[in-house]
Amino acid sequence: MKDIRGLHDRAMDLYELGLIAAREGNMEESRRLFARALKEEIKAADSVPYDLEPTRSILHQSAASIALKIGDTHGAMKYIDAGLVGRVPAQLKEEMAILREQILVLAAEMRDYRLRPPKTLTPVQQISRRFRSTAPVDIAGLARALGLAVRQADLGQDVAGEIFPDLFRGGPSGYTIRVNSSDPLPLKRLTIAHEIAHFLLHRNRIQNKLVDDRMYRSQLDSGRERDAEKLAFDLLMPGKILGELHAVGVTDPTELANRFKVPLHVMKRRMGVKE
Ligand SMILES: [Zn+2]
């Protein structure tokens, strides 16, 4: 038991150091420290007696969340599932179920989100459906459910928003979206949708940071920007709801823009209305 305690304490110390390195912007060092923390926590979780609860589930949950932090979804799933076997206290069980969903989301092949029609809905699509059933779409909620942290910041005059890997304060996916705090709400919502689209479609191309200017141009090529815009529009203004409203006579772009809480020019573009 003393050994387990020692292993766990060492894991937590390494984890703290990893967070400090991440805060200082030292991603590589931070990843290395998290990986070492994971090793220690796995040793602790593997050596805990089966009937020692809640210690056993706490250690498994901890190992799973450290693994998730460094994008090791396979390891994370292994430890969350092993942890859930046994007499887990109810509240812990709930927390572990949430963590399990986050792992599933990250494990989902987001790049193929729109290209490959799966037989059943992927976790990403299930989540997206949940958040896109009524207008206005809870776009910040969707971002968080996908494991993204959303923050506001003074990004200056020329930047609408950005997305970047963030091991310090990022969501479970390890990424943070920042929107320009001086923008009106409808524009902020568009920016969040746009950055979610980059995350889903171009996550593997975001290196240090992907910055979108006022025209939603970034270091990505214009074809990818168009793809991001298309998905952002679809996330924010789902065709299904637009169709239902159209069927009951709600067709005025201004009213629709208000209902969906999006900028009017964006709704007009979505509807194919010439300005
Ligand atoms: Zn963009």
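In this chain, numbering begins with 1 at the start of the sequence shown. In this text, all values refer to a predicted model and were calculated from it rather than measured experimentally. Whatever order the structure lists ligands and atoms in, that order sets their numbers, starting from 1.
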Go through the steps to decide whether Glu229 and Arg269 satisfy the test side chain to side chain contact (heavy atoms under 4.5 Å, CB included), and finish with yes or no. CA-CA 11 Å; Glu229 181 185 277; Arg269 280 202 35 206; 2.4 Å; yes
Polar side-chain atom of Ser218 near backbone of Asp212 as donor-acceptor pair, under 3.5 Å: no
Do Phe164 and Tyr175 have side chains that get closer than 4.5 Å, going by heavy atoms? no
The Zn ion (ligand 1) has as its nearest N, O or S atom from His198 the atom NE2
Hydrogens and angles aside, do Asp46 and Tyr79 bring a side-chain donor and acceptor to less than 3.5 Å of each other? yes
In Asp212, what N, O or S atom is nearest to the Zn ion (ligand 1), if we give its atom name? OD1
Please name the atom of Glu225, restricted to N, O or S, that is closest to the Zn ion (ligand 1). OE1
